[in-house]
Amino acid sequence: MAGRVDLDGNPINPFTICMIGAGGFIGSHLCEKLMSETPHKVLAVDVYNDKIKHLLEPATLTWADRIQFHRINIKNDSRLEGLIKMADLTINLAAICTPADYNTRPLDTIYSNFIDALPVVKYCSENGKRLIHFSTCEVYGKTIGAFLPKDSPLRQDPAYYVLKEDASPCIFGSIEKQRWSYACAKQLIERLIYAEGAENGLEFTIVRPFNWIGPRMDFIPGIDGPSEGVPRVLACFSNNLLRREPLKLVDGGESQRTFIYIKDAIEAVLLMIENPARANGHIFNVGNPNNEVTVRQLAEMMTQVYSKVSGESSLETPTIDVSSKEFYGEGYDDSDKRIPDMTIINKQLGWNPKTSLWDLLESTLTYQHRTYAEAIKQAMSKTTAN
Ligand SMILES: NC(=O)c1ccc[n+]([C@@H]2O[C@H](COP(=O)([O-])OP(=O)(O)OC[C@H]3O[C@@H](n4cnc5c(N)ncnc54)[C@H](O)[C@@H]3O)[C@@H](O)[C@H]2O)c1
Ligand SMILES: O=c1ccn([C@@H]2O[C@H](COP(=O)(O)OP(=O)(O)O[C@H]3OC[C@@H](O)[C@H](O)[C@H]3O)[C@@H](O)[C@H]2O)c(=O)[nH]1
């Protein structure tokens with residue numbers, strides 16, 4: 001830990017980070033990294049702390065004096081400004097960010113991703129504090145290629161689908177397609193932060209994560225989350241595998257995604273934290289362009305990997321098709337394809353993702369099996385007994 005230097009060889013002095021949403025999936029991995037590998041302090045703000053409990057207790061941990069949990073709902077708590085003032089850097093991860101909410105709870109989605117983020121930007125700007133704000137790859141919406149005829153050869157041309165921070169347009173569906181409430185709110189907060197930078201000198205970095213996945217992502221319905229809840233695809237498919245149910249493919253599972261291992265992505269965030277001169281004023285795609293699959297291929301791969309790590313055979317019918325209306329309800333729409341361009345992050349931070357999709361699924365599903373298999377068995381036997 002001693003003698004840490006930045007990418008330009010300058011010593012890194014320990015600083016204090018106000019991390020909002022620290023109790024979530026990304027926050028928990030970032031806290032873990034900061035505690036185990038750096039001397040920095042974290043003021044961890046969230047309404048929940050289950051995912052960082054192991055970092056907070058017992059008080060004898062070597063980093064006990066470097067992490068403090070503050071149970072605060074940023075919607076309505078005057079302590080937030082004080083914490084931002086105490087810190088050198090604020091990282092805002094707080095958001096409603098599960099697609100099942102975008103079309104069914106659009107107001108909560110817009111408030112969470114835009115209105116609730118406003119005071120954070122304002123306090124950083126007014127107090128001259130640096131901000132790293134978490135946006136999303138969803139701000140790109142659909143690719144230009146999605147509007148070409150299905151058989152057009154231009155669909156194979158990267159110019160029609162690779163997503164570039166400084167060049168690609170943001171293409172959303174109509175207002176009735178409430179799926180885009182999230183992307184639209186994230187886009188507006190990005191524009192506001194950018195404008196604060198341009199007009200008031202706010203030092204900011206915007207992160208656009210491309211499907212980061214790994215242990216502790218979301219929840220398993222009926223075990224550590226609501227039975228009727230619909231988490232993101234990793235947890236949906238994990239839940240199906242653990243319960244030996246077919247994996248549900250929405251609208252044929254044709255959408256394409258690139259998945260990145262959370263631990264690779266966290267390396268990129270740490271570089272941003274510790275290299276402000278290279279990260280300030282930039283928007284960064286953070287993803288793994290080499291890990292592209294259709295959702296159907298993801299389901300097939302997860303089925304194979306789970307069978308390997310659990311020792312259980314796969315089902316005879318491992319997947320079933322379901323319409324998006326049935327699965328998500330009215331107003332759902334989808335991003336067709338998401339390949340991040342890596343030029344900017346490569347040039348500024350020299351960062352590249354490392355882990356293949358197979359390897360990241362193997363470690364993640366090993367964790368899911370170890371963490372949930374027994375609890376699911378018990379829950380299922382109780383239901384059968386009743
Ligand atoms: N995981 C991904 O692949 C991904 C992709 C794109 C964007 N993002 C963005 O990254 C950020 C973090 O995502 P995540 O995957 O860790 O999600 P997450 O849901 O696991 O974490 C978000 C955390 O914010 C907290 N939070 C929400 N509202 C709050 C409030 N009002 N006050 C205090 N805490 C609040 C939640 O309790 C939760 O712990 C989000 O902004 C999300 O939009 C993530
Ligand atoms: O059980 C399921 C769940 C999901 N899916 C599909 O799998 C794909 C991926 O779904 P996810 O739940 O991971 O969410 P998406 O990739 O669409 O959006 C995510 O991307 C970036 C972030 O901002 C958010 O975390 C979230 O909006 C979608 O096409 C979805 O329709 C299924 O086919 N079956």
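Heavy-atom basis, side chains included; hydrogens, waters and symmetry copies ignored. All residue numbers in this chain count up from 1 along the given sequence. When a ligand or atom number is given, it counts from 1 through the structure's own listing order.
Residue-ligand proximity, Thr136 to ligand 2, at heavy-atom distances under 4.0 Å covers atoms 21 (C), 22 (C), 23 (O). For ligand 2, the atoms closer than 4.0 angstrom to any heavy atom of Lys248 are 1 (O), 2 (C), 32 (C), 33 (O), 34 (N). Those atoms of ligand 2 with a heavy atom of Leu249 less than 4.0 angstrom away are 33 (O). Ligand-side atoms of ligand 2 in range of Ser255: 29 (O), range being under 4.0 angstrom from any heavy atom. Near Tyr182, meaning under 4.0 Å from one of its heavy atoms, ligand 1 places the atoms 7 (C), 42 (C), 43 (O).
From the protein, the heavy atom lying nearest to atom 9 (C) of ligand 1 is Ser135 O, 3.5 Å. For atom 40 (C) of ligand 1, the closest non-hydrogen atom of the protein is Leu93 O, 3.1 Å. Summary of contacts: the protein heavy atom closest to atom 29 (C) of ligand 1 is Ala94 CB, 3.9 Å. Distance from atom 15 (O) of ligand 1 to its nearest protein heavy atom, with residue and atom name: Arg232 NH2, 2.9 Å. The protein atom (non-hydrogen) at minimum distance from atom 38 (C) of ligand 1 is Asp46 OD2, 3.5 Å. For atom 30 (C) of ligand 1, the nearest protein heavy atom (residue, atom name, distance) is Asn73 OD1, 3.5 Å.
Residue Phe114 is grouped with residue Tyr111 when hydrophobic side chains (ILVMFWY) are merged at heavy-atom distances under 4.5 angstrom, including chains of intermediate members.
Taking 4.5 Å as the limit, every side-chain heavy atom of Asn288 sits out of range of all side-chain heavy atoms of Tyr261. Leu361 places a side-chain heavy atom less than 4.5 Å from the side chain of Ile213.
Here the side chain of Ser181 pairs a donor or acceptor atom with the backbone of Gln178 at under 3.5 angstrom. Side chain of Thr371 to backbone of Gln368: no donor-acceptor contact under 3.5 angstrom is found.
Looking at Phe219 against ligand 1, nothing comes within 4.0 Å, counting heavy atoms. By the criterion of a heavy-atom distance under 4.0 Å, the side chain of Tyr48, and not its backbone, is placed next to ligand 1. With a 4.0 Å cut-off on non-hydrogen atoms, Ile72 touches ligand 1 through its backbone and not its side chain. Counting heavy atoms closer than 4.0 Å to ligand 1, residue Ile74 contributes atoms from both its backbone and its side chain.
Heavy-atom proximity to atom 4 (C) of ligand 2, evaluated over Tyr328, Phe210, Tyr102, Phe327, is greatest for Tyr328. For atom 23 (O) of ligand 2, the nearest non-hydrogen atom from the set Tyr182, Phe259, Tyr332, Trp212 comes from Tyr182. Considering only non-hydrogen atoms, atom 28 (C) of ligand 2 lies nearest to Asp334 out of Asp336, Leu234, Asp334, Asp251. Of the options Cys97, Gly24, Ala22, the smallest heavy-atom separation from atom 19 (O) of ligand 1 is shown by Cys97. Between Asp101, Val233, Ile26, it is Val233 that holds the heavy atom closest to atom 3 (C) of ligand 2.
At least one heavy atom of Pro99 lies less than 4.0 angstrom from ligand 2. Heavy atoms of Lys186 stay at 4.0 angstrom or farther from ligand 2. At least one heavy atom of Arg179 sits less than 4.0 Å from an atom of ligand 2. Residue contact annotation: Cys97 has a non-hydrogen atom under 4.0 Å from ligand 2.
Classification of Asp321 and Arg296 as a salt-bridged pair holds, one side-chain N sitting under 4.0 Å from a carboxylate O.
In this structure, Arg130 forms no cation-pi arrangement with Phe15, as its terminal cationic atom is not both closer than 6.0 Å to the ring centre and no more than 45° off the ring axis.
Of the N or O atoms in Lys186, one or more lie within a sub-3.5 Å distance of an N or O in ligand 1. Geometrically, ligand 2 and Val250 share a nitrogen or oxygen pair separated by less than 3.5 Å.
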